[in-house]
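As the structure is a computational prediction, the values presented were derived from the model and not from experiment.
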Amino acid sequence: MELLAPAGHYEAVIAAVQCGAGAVYMGFGDFNARRGAKNFSLEDFRRALDYCHLRGVRVYLTMNTLLSDRELPSALENLRLASRWGVDAVIVQDLGLLRLCRTALPDLPLHGSTQMTIHSAAGVSEAARLGIRCAVLGRELNREDMAHICQDSPIAIEVFGHGALCMCWSGQCAMSALIGQRSGNRGLCAQPCRLPYRVDSGAPGHPLSLKDAALCDHLTELTELGAASLKLEGRMKRPEYVAVVTGLYARLLREQRQPTPQERRQLAAAFSRGGFTQGYYLGNIGPDMFGTREAQPESDALFAAARAAYQRENLRLVPVSLTCAIREGQAASLTAEDTDGHTVTVTGPVPEAARNRSLTAEEVSARLRKTGGTAFTCEGVTASVDEGLSLSASALNGLRREALEALSAARTAPPPRRECPPPPPPEDTHSVREMAFTVSLSQGLQLTADLLELSPAVVYLPVERIADFDLLPSDRQRYPHTEFCAALPRICKDSEARDLLRLLEQAREKGCTSLAIQNIGQVRLGERLGLAPRGDYGLNLFNSHALSQCGEWGLRSACLSFELRREQIRDLRKPLPCEAIVYGRLPLMITEHCLMANAGQGCGGPRQGDAVPCGALHTLTDRRGEDFPVAPVFGCRSEIENAKTLYLADRPDFRALGLAYGRLRFTTESPAQCAAVLRQYLGLSAAEPPADFTRGLFYRGVD
C-alpha cells in the first residue's frame with residue numbers, strides 16, 4: 001500500500017521523502033484545496049518534482065477546487081506544464097476541469113479528490129468512466145463500506161489514514177463560504193466547525209469539532225481489503241510534523257505491526273485534538289469522536305530530532321551498482337544501474353601506461369564507492385582493469401560524477417505524453433429570457449392545493465419523506481404543468497442502496513416522473529428506474545464545461561452551485577436548462593453524525609429499521625446567538641441549514657441571467673408561507689422579505 005504524504009512547501013517535501021513516503025501530494029497556485037498553505041512557485045514545484053523522482057517517490061499535483069470559466073484556461077495551462085515535467089497524477093474535483101483534461105491531456109493520470117464525494121461502488125465506476133484512475137473515498141466510510149467498494153473496483157482506491165477530519169462530507173460544505181465568504185470548495189475554508197455551538201438548549205460545546213483520525217492500528221487490514229494508497233493529511237502543518245507522522249506510518253507499513261506506546265505518544269505530541277479517533281472506520285459514530293486542540297505533550301525535542309534527521313538527506317538513498325572497464329587503448333567506461341531498471345554508460349579518458357605503480361581493481365572500486373553528497377548509495381562495484389595502466393583519481397571521480405548525473409537525468413526524465421487542443425466551450429443553446437419557478441419541499445404538509453394551483457414547473461420531494469406526501473393520480477391530472485421529482489439524498493452508502501431503491505419505487509408509484517441526482521454515483525439510477533434525471537446542487541456545477549458533462553450524462557436540467565455570483569451565472573454557457581436556488585435557507589453542511597444523538601437529545605435512529613430519518617428540526621446556536629436549523633435527512637444524518645433565508649424576489653436582476661428555473665427551497669416554512677412566497681416570485685403579490693434574510697452569495701461570491 002502506497003504511503004501518500006502531504007507537502008505544503010519545499011522543506012515538507014524533503015521531510016516526507018526522507019522519512020519514507022511512497023508518494024507526495026502538493027499544490028501550486030490558487031487552484032488547490034489548501035490555498036492557505038505556502039504552496040509552491042512553478043520553479044519550486046519543478047525542483048520538488050525532480051527531488052522526488054530522483055529518489056523514486058511519486059508526485060501528485062492537487063488541483064482539487066471548483067473553477068470558474070475564467071480560471072479554467074490558466075488551470076489547464078498549469079496542468080500542461082506539470083504534465084510536461086512528468087507529474088505522476090493530478091487530483092481533481094471539478095467536473096469541468098476533468099472534462100478538459102480528458103481531451104487536452106489524454107495521457108495525464110487523473111485522481112478523483114475526496115471533494116468529489118465519492119462514497120459508493122457506483123460512484124467509483126462512474127469515476128472510472130470519466131477517466132479517473134484512482135478514487136479518493138470519503139473519510140466517513142467504515143471498513144465494510146471500503147471493502148465492498150474495493151472488491152470489484154475498476155480503478156485504484158485511496159483511503160484517508162491520519163489527520164484532521166471535517167464534520168461535513170467533503171465537497172458538500174458551504175458553511176465557511178456563506179458565513180465568511182471563504183469557500184472550502186475553493187481552498188480557503190475558515191473552519192467554522194472548530195467554534196463553540198449549542199444544540200437546542202444544551203450547554204455550549206464543540207459539537208462540530210472532530211478529533212483527528214489515526215488508523216495506525218489497521219494498516220494490515222486496509223492492505224488486505226484492497227486499498228492501494230493511504231493518505232496522510234497535513235499540507236498546512238510544519239515539516240517536522242510531516243516527518244514524524246510519515247516516518248512512523250512508513251515503519252509500521254514496512255514492519256507490518258501496530259505502534260508501540262511510545263510511538264502513540266509521538267503521534268499525540270506531533271498534533272492531536274484531545275486524542276485520536278477511529279470512529280468512522282470502525283463504524284462507532286458518536287460523541288467520543290469529538291475533541292478540540294488542547295495543550296499537547298512537549299514536542300520541541302521530538303521535532304528537533306526529526307528535523308536533524310531529515311535535513312541530513314541521507315535517509316532515502318537510491319541503490320546503484322557500478323561496472324567499470326579500464327582497457328589498454330580504450331576510453332575508460334563506467335556503467336551505472338539502479339534497481340528500477342535504469343542503466344547509463346559514460347566514457348572518460350584513455351588510460352596511460354603506468355610509470356611507477358599500476359592501477360588495481362581494488363583501487364578503482366574504492367574510489368567509485370564514494371557517492372557521499374548525492375542521492376545514491378553504492379551497492380557494489382565490478383571493476384575490470386588491464387595490467388600496467390594508470391588513470392588519475394580525478395578522472396575516476398569524473399567518471400563517477402558523470403555516470404550519476406546521467407542516471408539522475410534518466411530517473412527524472414518525464415514520460416512522453418500527448419497534448420491536444422481542449423474541447424471548445426459548449427454552445428449556449430438553453431439560455432432563456434423568462435424564468436420558470438420550481439419548489440423543493442421538506443415536509444409533507446407543505447404540499448398543498450394552494451401551492452400546486454400556482455403551477456410550479458417542478459416540485460422536488462425528498463425521497464426519504466416520500467410517504468409523507470399525499471400525491472394521487474387525480475392530482476397529477478389536475479396539475480398537468482407541474483412535474484414531480486424525487487430528490488435523492490446527497491449521501492447514500494452501498495449498504496443503504498436497497499432502501500433508496502425501495503423509496504424510489506414508491507416515489508414513482510406516487511407520481512414522480514424524474515429524480516434529482518446529487519453525486520456521480522447516481523447518474524445511472526434514472527435509466528434503471530425509468531425516471532428522467534435532473535442534476536442537483538450536490539454536483540457542485542461551477543463552469544460551462546461541467547454543464548457539458550451534465551449534457552453528456554443526459555440530464556434534463558442542472559442546478560448550479562450556489563457559490564456562484566450573479567455575473568458568473570450570467571456568463572455561463574448553458575448547453576441544457578439551468579437552475580439556481582433563489583429562495584430559502586441554503587444547506588451549510590451534511591454530516592454523517594446525527595447531531596441530536598451526539599447531544600443526548602434522544603434520537604432513536606432511523607425509523608422502521610431503514611434509512612428514513614427520525615425526529616424533527618433541531619437548532620444549532622453559535623456564539624453570537626445565530627440559530628441554524630438542523631434537519632434529519634436520509635440515513636439518520638444531519639443537514640445544517642443557514643440561519644438566514646436567501647431572498648431575491650425584490651431584486652429583478654436575478655431573472656435576467658438566462659436561467660430556465662429559479663428554485664424556491666422550503667425547509668422551515670409553513671404551508672401558507674410556501675404558497676405566499678411563490679406568489680411573490682411570480683409577481684402575483686408584493687415582495688415581502690422575511691425579517692432576517694440574506695442575499696447569499698448572489699452578489700458577493702466567494703474567494
| query | Would you say the side-chain atoms of Arg139 pair up with the backbone N or O of Ser170, donor to acceptor, closer than 3.5 Å? | reply | no
| field | Nearest-0.5 Å distance that lies between atom CG in Leu188 and atom OG in Ser183 | value | 8.0 Å
| task | Decide yes or no for Val245 and Leu267: does some side-chain heavy atom of the first lie under 4.5 Å from some side-chain heavy atom of the second? | result | yes
| said: Please give me the minimum heavy-atom distance between Leu302 and Ala270, naming the atom from each residue. | reply: CD2-N, 4.2 Å
| query | Are Pro6 and Val242 close enough that some pair of their side-chain heavy atoms sits under 4.5 Å apart? | reply | yes
| message | As a quick check of understanding, evaluate side-chain hydrogen bond (donor to acceptor under 3.5 Å, both in side chains) for His545 and Asp69, giving each step before the final call. | response | CA-CA 8 Å; His545 284 281; Asp69 278 347; over 6 Å; no
| message | I'd like to know whether CD of Glu43 has more than 12 heavy-atom contacts from other residues, nucleotides or ligands below 6.0 angstrom. | response | no
| request: Can you measure from CZ (Phe45) to CG (Asp50) and round to the nearest 0.5 angstrom? | output: 10.5 Å
| query | Atom CG of Leu230 and atom CE of Met1: how far apart are they, to the nearest 0.5 Å? | reply | 4.5 Å
| said: Is it the case that the side chains of Gln549 and Arg102 hold a donor-acceptor pair, with the cut-off being a distance below 3.5 Å and no angle test? | reply: yes
| message | Whether Arg58 and Glu2 form a salt bridge (side-chain N of Lys/Arg under 4.0 Å from carboxylate O of Asp/Glu) is what I want to check. | response | yes
| message | Taking Arg186 first and then Glu71, would you say they form a salt bridge - that is, a charged N and a carboxylate O separated by under 4.0 Å? | response | yes
| message | Please check this pair: side chain of Asp145 against backbone of Asn142, looking for a donor-acceptor N/O pair closer than 3.5 Å. | response | yes
| task | Evaluate the side-chain contact (heavy atoms from CB on, under 4.5 Å) criterion for residues Val87 and Leu81: first the C-alpha distance (whole Å), next the side-chain angles of each, then the deciding distance (0.1 Å), finally the verdict. | result | CA-CA 9 Å; Val87 71; Leu81 290 175; over 6 Å; no
| said: Assess the residue pair Arg293 and Ser272 against the criterion (side-chain hydrogen bond (donor to acceptor under 3.5 Å, both in side chains)); give the C-alpha distance rounded to whole Å, side-chain angles, the decisive distance to 0.1 Å, and a yes or no. | reply: CA-CA 7 Å; Arg293 177 72 165 155; Ser272 82; 5.2 Å; no
| Distance-only polar pair, side chains of Ser333 and Arg327, donor-acceptor under 3.5 Å | no
| message | Between Glu233 (side chain only) and Ala164 (backbone N and O only), is there a donor and an acceptor less than 3.5 Å apart? | response | yes
| query | Distance-only, no hydrogens or angles: does the Thr246 side chain make a donor-acceptor pair with backbone N or O of Ala5 under 3.5 Å? | reply | no
| query | Are the side chains of Cys52 and Val13 in touch, meaning some heavy atoms are under 4.5 Å apart? | reply | yes
| said: Please evaluate residues Ile14 and Tyr51 with respect to the criterion side-chain contact (heavy atoms from CB on, under 4.5 Å), reporting the C-alpha separation (whole Å), side-chain torsions for both, the decisive distance (0.1 Å), and the verdict. | reply: CA-CA 8 Å; Ile14 297 173; Tyr51 184 90; 3.6 Å; yes
| task | Please confirm whether the backbone N or O of Val320 pairs with a side-chain atom of Asp338, one donor and one acceptor, at under 3.5 Å? | result | no
| task | Would you kindly say whether Arg257 and Thr220 are connected by a side-chain donor-acceptor distance under 3.5 Å? | result | no
| query | Do Tyr281 and His218 have ring centroids that are under 6.0 Å from one another? | reply | yes
| CZ-CZ distance between Arg238 and Phe303, expressed to the nearest 0.5 angstrom | 5.5 Å
| query | What heavy-atom pair brings Leu391 and Leu396 nearest, and what distance separates the two atoms? | reply | CD2-CD2, 3.8 Å
| task | Report the distance from atom CE of Met116 to atom CD1 of Ile91, rounding to the nearest 0.5 Å. | result | 12.5 Å
| request: Mark yes or no for whether Glu402, through its side chain, and Leu399, through its backbone, hold a donor-acceptor pair below 3.5 Å. | output: no
| field | Heavy atoms from other residues, nucleotides or ligands near CD of Glu352 exceed 12 (cutoff 6.0 Å) | value | no
| said: Do Met146 and Val159 have side chains that approach each other closer than 4.5 Å (heavy atoms only, starting at C-beta)? | reply: yes
| For residues His342 and Glu337, is any side-chain donor paired with an opposing acceptor at under 3.5 Å? | no
| field | Heavy-atom side-chain contact between Leu54 and Ser408 under 4.5 Å | value | yes
| request: Apply salt bridge (Lys or Arg N to Asp or Glu O under 4.0 Å) to the pair Arg367 and Glu362, showing each step before the final yes or no. | output: CA-CA 9 Å; Arg367 178 65 62 181; Glu362 290 75 14; over 6 Å; no
| task | Please confirm whether the backbone N or O of Gly123 pairs with a side-chain atom of Ser120, one donor and one acceptor, at under 3.5 Å? | result | yes
| said: Please tell me whether Thr323 and Thr382 have a donor and an acceptor in their side chains that are separated by less than 3.5 angstrom. | reply: no
| message | If we count only N and O atoms by modelled type, under 3.5 Å, do the side chains of Tyr25 and Glu158 hold a donor and an acceptor together? | response | no
| said: Minimum heavy-atom separation for Ala361 and Val385, please, with both atom names. | reply: CA-CG2, 3.9 Å
| message | Looking at every heavy atom in both Ala15 and Ala243, which two are closest together, and how far apart are they? | response | CB-CB, 4.0 Å
| query | Has the side chain of Arg80 got a donor or acceptor atom that lies under 3.5 Å from a matching backbone atom of Leu76? | reply | no
| side-chain contact (heavy atoms from CB on, under 4.5 Å) between Leu4 and Val24: does it pass, once the steps are laid out? | CA-CA 5 Å; Leu4 178 58; Val24 174; 5.5 Å; no
| task | Mind telling me whether Tyr249 and His162 have parallel, tilted or perpendicular rings, with 30° and 60° as the class edges? | result | perpendicular
| Test salt bridge (Lys or Arg N to Asp or Glu O under 4.0 Å) applied to Arg133 and Asp88, step by step | CA-CA 11 Å; Arg133 299 190 189 181; Asp88 295 279; over 6 Å; no
| Just one of Asn185, Asn64, Asn540, Asp94 clears the side chain to side chain donor-acceptor pair (under 3.5 Å) bar with Gln115, so which one? | Asn185
| request: Measure across Trp169 and His119 and return the closest heavy-atom pair with its distance rounded to 0.1 Å. | output: CZ3-CB, 3.6 Å
| query | Of all heavy-atom pairs between Val124 and Ala135, which one has the smallest distance, and what is that distance? | reply | CG2-CB, 4.3 Å
| Is the closest side-chain heavy-atom distance between Gln18 and Glu313 below 4.5 Å? | yes
| query | Do the non-hydrogen side-chain atoms of Glu263 and Arg251 ever get within less than 4.5 Å of each other? | reply | yes
| said: Quick check: do Ser176 and Arg182 have side-chain heavy atoms less than 4.5 Å from each other? | reply: yes
| Glu419 atom CD, neighbour heavy-atom count above 12 within 6.0 Å | yes
| Do Arg47's NZ or CZ and the ring of Tyr10 fall within the cation-pi criteria of under 6.0 Å and 45°? | yes
| When you measure from the side chain of Arg316 to the backbone N and O of Cys19, does any donor-acceptor pair fall under 3.5 Å? | no
| query | What is the distance from atom CG of Asn543 to atom CZ of Arg99, rounded to the nearest 0.5 Å? | reply | 10.0 Å
| request: Step by step, work out the side-chain contact (heavy atoms from CB on, under 4.5 Å) result for Leu49 and Phe40. | output: CA-CA 11 Å; Leu49 188 63; Phe40 294 80; over 6 Å; no
